[in-house]
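First listed ligand is number 1; within each ligand, the first listed atom is number 1. FYI, side chains are in, hydrogens and waters are out, and symmetry mates aren't considered; it's all heavy atoms of this structure. The first residue of the sequence shown is numbered 1, and numbering continues consecutively from there.
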Amino acid sequence: MKWREVWILWMLGLTAAAAHAQQPDAPTLFATHCAACHGAQRLGGMGPALLPQSLERLRAPEALKVIREGRPASQMPGFADKLAPEQIAALGAWIYTPVVPAPRWSDDDIRASRTFDAASRTWPAKPQWAADPMNLFVVVEGGDHHVSLVDGDKLAVIHRFPSRFALHGGPKFSPEGRYVYFGSRDGWITKYDLWNLRVVAEVRAGLNMRNVAVSADGRHVMAANYLPHSLALFDADLDLVRSYAAATLDGKQSSRVSAVYDAAPRNSFVVALKDIPELWEISYDPRAEPIHDGLVHDHRLGEGIAKPGYLNVRRTPLDEPLDDFFFDGPYRHAIGTSRAGGEAQVVNLDIRRRVATVPLAGMPHLGSGITFAWNGTRVLATPNLKDGVVSVIDMNGWKPVKQVATPGPGFFMRSHENTPYAWIDSMMSPTARDTLLVIDKRTLEPVRTLRPAPGRTVAHVEFTRDGRHALVSLWENDGALIVYDAATLEEVKRIPMSKPVGKYNLGNKLARSEGTSH
Ligand code: DHE
């Protein structure tokens with residue numbers, strides 16, 4: 001090799017080394033600037049978890065903007081003046097990569113995360129504020145991660161407090177209405193004493209959680225996780241009772257848990273699994289007799305489908321996994337869809353098999369469905385996340401009755417026993433997300449389209465205990481609760497709120513009003 005060639009190779013080597021040296025080292029940047037708040041393993045701390053599962057709903061450009069500019073109304077600072085654009089880009093890409101080795105969250109981790117205020121046992125056993133506790137609204141404000149308590153008679157805020165980051169799913173109440181349990185996407189459960197306006201206990205049930213359910217007797221809380229693939233069962237003070245691996249009986253396949261709901265008349269939790277074609281039922285009735293098996297035999301599970309009984313899993317094999325689901329009035333059937341859509345499965349929880357299939361176009365959001373009497377029968381009506389349509393299904397015979405066209409795809413549908421109307425948003429529509437369609441439950445015909453804030457998103461309706469007022473979310477950071485007279489459909493007032501994601505009327509929830517989620 002000539003000297004000239006050696007020199008060129010040497011120069012190329014130096015340039016490559018220099019370029020390599022300038023490559024931003026994302027793990028080191030993370031350790032230096034982010035780990036103190038988001039945790040060394042990105043599992044979260046003062047700030048939220050930064051795992052691919054937690055970031056599914058945050059688009060990459062939005063993540064970069066947050067790193068650059070910070071998040072107003074939170075403690076997240078902007079890094080534009082500390083980090084070069086390529087360093088920010090490297091960090092932005094890195095947080096979407098899986099953590100290696102995969103993070104684990106054991107029973108010991110759950111127990112170690114728990115905090116409990118022992119003094120809570122001495123707090124007064126009656127509301128320390130003057131309002132009807134059964135007409136209280138718990139409002140989750142996603143804009144700045146707070147919760148507001150609204151007096152449903154005076155239609156005014158009586159208290160506001162900070163929540164965990166990104167609460168999801170409806171908060172759940174203890175049977176007498178004193179305690180509310182919130183679940184966050186990062187896996188935190190908070191037990192809050194509504195009468196004393198203080199946090200009682202907190203625990204981290206998982207790393208990425210779907211929702212929580214509270215047993216009708218108030219003695220148990222169940223959490224459904226995506227990460228790890230598990231359910232976690234707690235006592236009323238969030239002390240771990242046991243966890244369940246969300247897996248097939250032979251343990252060969254595990255699954256994310258889609259959701260857990262309390263089936264009060266059955267004294268059980270019912271659980272849908274996203275990746276395994278099984279529906280689970282876990283009885284919390286201490287008198288539960290082992291139920292004789294044999295009604296359903298499935299070659300995949302063999303003879304011992306389950307060892308049912310108190311706090312054990314009873315498995316119903318399905319043809320395909322269920323995602324979102326819904327109960328009929330007597331809680332005899334679960335009606336569920338898979339995210340692929342196209343049809344709903346009706347599963348009889350007693351005989352433990354699918355008893356009907358309902359054709360349902362698009363992606364029905366069954367968790368937001370409602371039931372009501374119509375034409376001498378009872379129907380289920382559900383909005384649709386993909387299409388501008390509400391599907392109405394006769395629950396006697398499980399046949400579609402009508403498709404009501406809406407301005408666009410929507411998330412939530414609500415009504416109340418004392419109103420002839422049902423309200424549906426179109427918040428998934430780029431053009432009609434500012435509309436609310438009101439339909440008449442008697443005729444299944446549209447009555448009015450409301451547009452209270454043109455160009456701005458409105459969604460999620462909940463009624464006062466007596467059904468006189470409908471509270472609608474103006475779903476913006478400088479948003480509001482818009483209160484309507486439920487009979488005249490005229491606006492009554494606006495209560496300013498920071499992106500009020502959802503609102504929950506205690507009385508309607510505890511009475512299991514037919515017009516709201518349970
Ligand atoms: Fe939800 C409830 C699933 C995205 C706001 N959502 C639920 C429930 C399920 C569910 C299974 C019922 C749990 C309960 O109440 O105990 N949600 C899903 C999804 O699969 C989906 C489409 C995707 C995801 O990333 O999870 C989804 N949900 C959203 C949102 O983007 C919403 C609009 C905003 C947000 O903050 O996450 C949202 N979901 C809600 C709300 C409820 C809810 C407000 C409670 C409704 C109620 O009135 O009970």
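In this structure, Y181 has its ring center no closer than 6.0 Å to that of Y192. Under the 6.0 Å cut-off for aromatic ring centres, Y284 and Y310 do not qualify, their centroids lying 6.0 Å or more apart.
When the options R185, K499, H168 are ranked by their closest heavy atom to atom 24 (C) of ligand 1, first place goes to R185. Comparing R414, K172, M427 against atom 48 (O) of ligand 1, the shortest heavy-atom distance belongs to R414. Closest heavy-atom approach to atom 11 (C) of ligand 1 among the candidates F411, Y261, Y504, F412: Y261.
Atom CZ of R59 has 12 or fewer heavy atoms from other residues, nucleotides or ligands within 6.0 Å.
If you check the side chains of R164 and T190, you find no donor sitting under 3.5 Å from an acceptor. Looking at E281 and S268, their side chains do bring a donor and an acceptor atom within 3.5 Å of each other. Side-chain atoms of Y261 and N211 include no donor-acceptor pair closer than 3.5 Å.
Contact between K503 and ligand 1 is absent, with no heavy atom of the residue lying under 4.0 Å from the ligand. Under the 4.0 angstrom criterion for non-hydrogen atoms, F326 is not in contact with ligand 1.
Annotation: R57 places an N or O atom under 3.5 Å from an N or O atom of ligand 1; distance criterion only. Residue V260 has no nitrogen or oxygen atom sitting less than 3.5 Å from a nitrogen or oxygen atom of ligand 1, judged on distance alone. For a threshold of 3.5 Å applied to N or O pairs, the pair formed by D323 and ligand 1 contains no separation below that value.
Remark: ligand 1 atoms within the under-4.0 Å shell around heavy atoms of S517 are 47 (C), 48 (O), 49 (O). Annotation for ligand 1: atoms under 4.0 Å from non-hydrogen atoms of H460 are 46 (C), 47 (C), 48 (O). Against a heavy-atom cut-off of under 4.0 Å, V501 is close to the following atoms of ligand 1: 36 (O), 44 (C). Counting atoms of ligand 1 from 1 in the listed order, those under 4.0 Å from a heavy atom of W475 are 33 (C), 34 (C).
E141 and K499 are not joined by a salt bridge, as no carboxylate oxygen comes within less than 4.0 angstrom of a charged side-chain nitrogen. Taking the charged nitrogens against the carboxylate oxygens, K191 and D237 do have a contact shorter than 4.0 Å, which makes a salt bridge.
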